[in-house]
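Below is one structure; the comments refer to it alone.
As the structure is a prediction and not an experimental result, all values here were calculated from the model.
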Amino acid sequence: QVQVVESGGGSVQAGGSLRVSCKVSGLIGQYGTYCVGWFRQAPGKEREGVASLGSDGISRYRDSVKGRFTISQDNHENTVDLQMSSLQVEDTATYYCAAHYWGGRCTTEMAQRFNYWGQGTQVTVAS
């Protein structure tokens with residue numbers, strides 16, 4: 001059974017850095033193909049995709065975080081981490097990790113394909 005659990009996050013001043021981690025159990029190493037994505041949702045706004053990392057090693061980012069966020073996989077810890085730098089107030093949101101093991105292009109643009117979701121972790125950036 002696939003389980004997704006986020007950790008990390010917190011509060012930081014604008015310009016600072018934070019790291020959120022996604023522990024994915026029952027997926028990596030169990031399925032030939034998988035996709036892990038990070039999403040976020042700010043109060044009063046729609047959920048949006050942030051970054052994704054597939055079993056093919058290809059990472060994708062939304063334009064507003066390119067050059068500031070980095071998604072990576074820690075094979076030892078079985079996590080997919082999102083390192084966030086140069087944080088802006090607009091990055092404030094609840095960040096969710098999600099995963100699926102369907103094949104094809106790994107992207108958060110196809111959110112409906114993600115069938116395993118975590119509970120979310122809060123990231124707050126103060127001005």
Side-chain angles (χ1 to χ4, degrees):
Q1 182 176 349
V2 179
Q3 291 185 319
V4 178
V5 179
E6 304 98 337
S7 62
S11 299
V12 68
Q13 293 291 116
S17 299
L18 280 175
R19 187 181 189 90
V20 288
S21 186
C22 178
K23 180 80 170 180
V24 185
S25 304
L27 182 71
I28 298 174
Q30 306 300 313
Y31 291 91
T33 60
Y34 58 84
C35 175
V36 179
W38 280 97
F39 297 79
R40 67 186 181 188
Q41 187 167 22
K45 294 188 177 181
E46 292 188 357
R47 184 183 63 195
E48 60 185 23
V50 177
S52 63
L53 180 62
S55 51
D56 56 7
I58 296 175
S59 57
R60 295 180 172 91
Y61 302 89
R62 70 178 298 108
D63 286 345
S64 63
V65 307
K66 286 180 181 176
R68 301 189 298 122
F69 290 12
T70 302
I71 189 170
S72 62
Q73 181 173 321
D74 184 327
N75 291 321
H76 180 68
E77 297 293 333
N78 229 24
T79 61
V80 175
D81 304 328
L82 187 66
Q83 177 67 45
M84 303 178 287
S85 302
S86 302
L87 281 162
Q88 303 167 358
V89 173
E90 301 75 47
D91 296 317
T92 295
T94 300
Y95 282 69
Y96 298 91
C97 181
H100 70 74
Y101 49 74
W102 314 121
R105 190 166 179 260
C106 176
T107 172
T108 57
E109 294 177 1
M110 293 186 280
Q112 67 275 14
R113 303 192 80 202
F114 290 85
N115 50 348
Y116 299 99
W117 290 80
Q119 294 300 306
T121 186
Q122 180 66 35
V123 171
T124 302
V125 184
S127 58

Do [X] and [Y] have side chains that approach each other closer than 4.5 Å (heavy atoms only, starting at C-beta)?
{"X": "Y34", "Y": "V24", "answer": "no"}
{"X": "V20", "Y": "E6", "answer": "no"}
{"X": "M84", "Y": "V65", "answer": "no"}
{"X": "V50", "Y": "F69", "answer": "yes"}
{"X": "T108", "Y": "R62", "answer": "no"}
{"X": "V36", "Y": "C97", "answer": "yes"}
{"X": "R68", "Y": "Y61", "answer": "no"}
{"X": "Q119", "Y": "V5", "answer": "no"}

Exercise for review: I would like to know whether V12 and S17 meet side-chain contact (heavy atoms from CB on, under 4.5 Å); could you show each step before the answer?
Suggested key: CA-CA 7 Å; V12 68; S17 299; over 6 Å; no

Point to revise | CD/E109: more than 12 non-hydrogen atoms of other groups inside 6.0 Å | key: no

Review point. How about Q112: does its CD atom have over 12 heavy atoms from other parts shown lying under 6.0 Å from it?
Key: yes

Check your understanding: Can you say whether the rings of Y116 and Y101 are parallel (under 30°), tilted (30 to 60°) or perpendicular (over 60°)?
Key ->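 Geometry flag for Y101 against Y116: tilted rings.
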
Please report the interatomic distance [atom1]([X]) to [atom2]([Y]), rounded to the nearest 0.5 Å.
{"X": "T70", "Y": "L82", "atom1": "OG1", "atom2": "CG", "result": "8.0 Å"}
{"X": "Q30", "Y": "S25", "atom1": "CD", "atom2": "OG", "result": "9.5 Å"}
{"X": "Q88", "Y": "S64", "atom1": "CD", "atom2": "OG", "result": "7.5 Å"}
{"X": "I58", "Y": "C106", "atom1": "CD1", "atom2": "SG", "result": "9.0 Å"}
{"X": "W102", "Y": "Y31", "atom1": "CH2", "atom2": "OH", "result": "8.0 Å"}
{"X": "Q73", "Y": "N78", "atom1": "CD", "atom2": "CG", "result": "7.5 Å"}

Least distance between heavy atoms, [X] atom then [Y] atom:
{"X": "K23", "Y": "E77", "answer": "NZ-O, 2.7 Å"}
{"X": "V4", "Y": "C22", "answer": "CG1-SG, 3.4 Å"}
{"X": "L87", "Y": "L18", "answer": "CD1-N, 3.7 Å"}
{"X": "T107", "Y": "C35", "answer": "N-SG, 4.0 Å"}
{"X": "F39", "Y": "A98", "answer": "CE1-CB, 3.9 Å"}
{"X": "S86", "Y": "D91", "answer": "O-OD2, 4.4 Å"}

Point to revise | Trace of the side-chain contact (heavy atoms from CB on, under 4.5 Å) decision for H100 with L27 | key: CA-CA 8 Å; H100 70 74; L27 182 71; over 6 Å; no

Review point. Would V80 and V2 show up in the same hydrophobic cluster when neighbours are defined by side-chain heavy atoms closer than 4.5 Å?
Key: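 Yes; tracing contacts between hydrophobic side chains, which count when under 4.5 Å, links both residues.
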
Review point. T121 side chain to G8 main-chain N or O, any donor-acceptor pair under 3.5 Å?
Key: yes

Review point. Checking side-chain contact (heavy atoms from CB on, under 4.5 Å) for the pair D81/Q83: CA distance, chi angles, key distance, verdict?
Key: CA-CA 6 Å; D81 304 328; Q83 177 67 45; over 6 Å; no

